[in-house]
Amino acid sequence: MRLTRYFLPVLRETPAEAQIVSHRLMLRAGMIRQQAAGIYSWLPLGWRVLRRIETIVHEEQQRAGHIPMLMPTLQPADLWRESGRYDDYGAEMLRITDRHKRDLLYGPTNEEMITDIFRAHVGSYKDLPLTLYHIQWKFRDEIRPRFGVMRGREFLMKDGYTFDIDRASALHAYNRHMVSYLRSYERMGLTAIPMRAASGPIGGDDTHEFLVLAATGESEVFYDDAVTGLRLGNRAIDYDDRAAVQAVCDEFTALYARTDETHDPVAFAAVPEARRRVGRGIEVGQIFYFATKYSAPMGATVVNAEGQRVPVHMGSHGIGVSRLVGAIIEASHDDRGIVWPEGVAPFPVGIVNLKQGDGAADAACAGLYAALVAKGIEPLYDDRDERAGAKFATMDLIGLPWRITVGPRGLAAGKVELTCRRTGESEEISPEAAVDRVAQVVAGR
RNA sequence: CGGAGUGUGGCGCAGCCUGGUAGCGCACCUGCUUCGGGAGCAGGGGGCCGGAGGUUCGAAUCCUCUCACUCCGACCA
């Protein structure tokens, strides 16, 4: 993409309403525009990041055997009357009336709807286990939206629903989600720690939240510092192997890590003092096993092997996709701007032409651009007629992981400059070598 | 919803107290010079001052109502 043909409305000054760094940077980098309290347009650069995150979530969910679909944003009120939540949900639910005076609502979540779909089409234990998910916009009419996309009213969320014949199978589904989430966050360059959350309706270990450590987080967290060193890495995982999946979950939940809701000072005191940490975290996901809470009242049953009709065991599992954009920035930025992890960067590399209009520089940039595209990489080429400082400042702000700088001085020696945004290190190499290096990194992400 | 604020060009702000018909910086347009970390000079365009009433010869400014947004708190992916 050539910058002169793109839409990247960067701001030099920070809009007054933005209080936290991710919100400020998203506005300055031209990623979002607020349309109302807690409601944002995603401008082209922001949209790209959102799509990258969404893609990672899709890939990891499907790797775990979960099935994508799409449910609508608007839902009939009657479904929610069935579960009893039409009244329970309160003012946070946005209610709408259509021209025929029918009650609708903008979905804050989809348990009722997925249960309706399930009961209409599934009748036998032989159809289980089943995990369906979608990534769709939600609306929760928060009392006080804040922090940009981190606490918006409209937000993009992946929500998955599991249907199993019994508790053991449902817990395997729960565990699959934990592992797939860990892998998703790692691909996004995040360290997200599963923490035991406030216990659900059946108590016990049936819900975990995933927290990204950040000073601006909304939750207070208590943890053993050793959890921050745990990595899945590239290990192969067979999601159908219950014992193997359980082992991974055990590994990631063995150390003390809890939010203020479930914090246990006595257990925390058992953590070696040097590793005891109190901090703040941003919740970027939650997994939840709730047994038959929805299936029983809504009649989502199957016939089991003994011929009896039984309610299915369900779970719901969510990842805050749009919130992740903010969370990643909170976790990865410096005083000059965003530092995108490779996995979610809107463009993997930027090309900076220091002397637009100079024949040699223009030709070198065009050559680099074509060579990168030929390798399946789309660079962002700053071909504006701007001075070097302005171009560098823009690149630093929008945080592309790599920058190839092309100028007459280097070209005279046949070199361009390849700079890593994260480390700031740069090296003078040939254009061909620069393309190869970037291709290598992108392939490995 | 309780408390505290703010609405003036795309962004950041001044002007308001003490009414006299809107200004600064950035951005934008034109020209010249410049050109490896947000250039300089010159010229130029853009705002019925959130909205509605009212007071007044005259309202961005005073009064009333209203809408929106922000911050602190209780609630939440």
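Proteins get letters first, then strands, A, B, ... in listed order; numbering begins at 1 in each. Source: prediction; values computed, not measured.
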- request: Determine whether any donor atom in the side chain of Arg146(A) lies under 3.5 Å from an acceptor atom in the base of rU70(B), or the reverse, and answer yes or no.
  value: no
- prompt: Does any donor atom in the side chain of Thr207(A) or Gln286(A) lie under 3.5 Å from an acceptor atom in the other side chain?
  reply: yes
- prompt: What does rC11(B) pair with, Watson-Crick or G-U, if both distances are under 3.5 Å?
  reply: rG25(B)
Paired nucleotide for rA39(B) [Watson-Crick or G-U wobble; both distances under 3.5 Å]: rU33(B)
query: Taking atom C1' of rA77(B) as reference, at what distance in whole Å does atom OH of Tyr89(A) sit?
result: 9 Å
- prompt: How many Å lie between CE on Met150(A) and P on rU70(B), as a whole number?
  reply: 15 Å
message: Return the pairing partner of rG20(B) with a 3.5 Å limit on both distances, Watson-Crick or G-U wobble; otherwise return none.
response: rC57(B)
query: Do we count Phe155(A) as stacking onto rA77(B) if the rule is ring centres under 5.5 Å and planes under 30°?
result: yes
Separation of rA77(B) C1' from Ile319(A) CD1 (nearest whole Å): 10 Å
task: Can you tell me the distance, in whole Å, between the CD atom of Gln356(A) and the P atom of rU34(B)?
output: 19 Å
- prompt: Looking only at side-chain N and O atoms, does Gln34(A) come under 4.0 Å of OP1 or OP2 in rU70(B)?
  reply: yes
message: Under a 3.5 Å cut-off for both contacts, is rA68(B) paired Watson-Crick or G-U wobble with anything, and if yes, with which nucleotide?
response: rU6(B)
- request: Please state whether the rings of Tyr181(A) and His177(A) are parallel, tilted or perpendicular, taking 30° and 60° as the class boundaries.
  value: perpendicular
task: Could you please name the partner base of rG47(B), counting Watson-Crick and G-U wobble pairs only when both distances are under 3.5 Å?
output: none
query: Taking only side-chain nitrogens and oxygens of Arg387(A), does any of them come within less than 4.0 Å of OP1 or OP2 of rA39(B)?
result: yes
Please list, pair by pair, any protein nitrogen or oxygen found under 3.5 Å from a nitrogen or oxygen in nucleotides 3-11 of chain B.
| residue | atom | partner | partner atom | Å |
| --- | --- | --- | --- | --- |
| rC11(B) | O2 | Glu13(A) | OE1 | 3.3 |

- prompt: If you check the Arg12(A) side chain, which of rG36(B), rG37(B), rC26(B) turns out closest?
  reply: rC26(B)
query: Side chains of Phe347(A) and Pro379(A): closer than 4.5 Å at any heavy-atom pair?
result: no
message: By nearest heavy atom, map Val149(A) and Val406(A) onto RNA chain B; which one lands nearer the 5' end?
response: Val406(A)
message: I want to check something: taking the side chain as every heavy atom from C-beta on, are Thr216(A) and Phe147(A) in contact at a cut-off of under 4.5 Å?
response: no
Between C1' of rC35(B) and CG of Asp382(A), the distance in whole Å: 14 Å
field: rG40(B) to rC26(B) separation - P atoms, rounded to the nearest Å
entry: 8 Å
query: Could you state the OH-P distance from Tyr181(A) to rA77(B), rounded to the nearest angstrom?
result: 13 Å
- prompt: Could Arg196(A) and Glu261(A) be called an ion pair, given the rule that one side-chain N must be under 4.0 Å from one carboxylate O?
  reply: no
field: Quiz item: Arg28(A) side-chain donor-acceptor pair to rG12(B) base, under 3.5 Å
entry: no
- prompt: Are any of the side-chain nitrogens in Arg85(A) or Glu111(A) under 4.0 Å away from the carboxylate oxygens of its partner?
  reply: yes
task: Under 4.0 Å from any atom of RNA chain B, heavy atoms only: list the residues of residues 44-53 of chain A that qualify, in numerical order.
output: none
Close side-chain approach of Leu372(A) and Ile404(A), heavy atoms under 4.5 Å: yes
query: Would you say the side-chain atoms of Thr73(A) and Gln136(A) include a donor-acceptor pair closer than 3.5 Å?
result: no
field: Whole angstrom value for the distance that separates P of rA77(B) from CZ of Phe288(A)
entry: 10 Å
field: ring-ring contact (aromatic ring centres under 6.0 Å, His included) against Tyr106(A), all qualifying residues, sequence neighbours excluded
entry: Phe139(A)
field: Interatomic distance, Glu386(A) CD vs rG36(B) P [rounded to whole Å]
entry: 13 Å
message: If you assign Arg336(A) and Gly320(A) each to the RNA chain B nucleotide with the nearest heavy atom, which residue ends up on the more 5' nucleotide?
response: Arg336(A)
task: Sort out the partner of rA77(B) for me: Watson-Crick or G-U wobble, both distances under 3.5 Å, none otherwise.
output: none
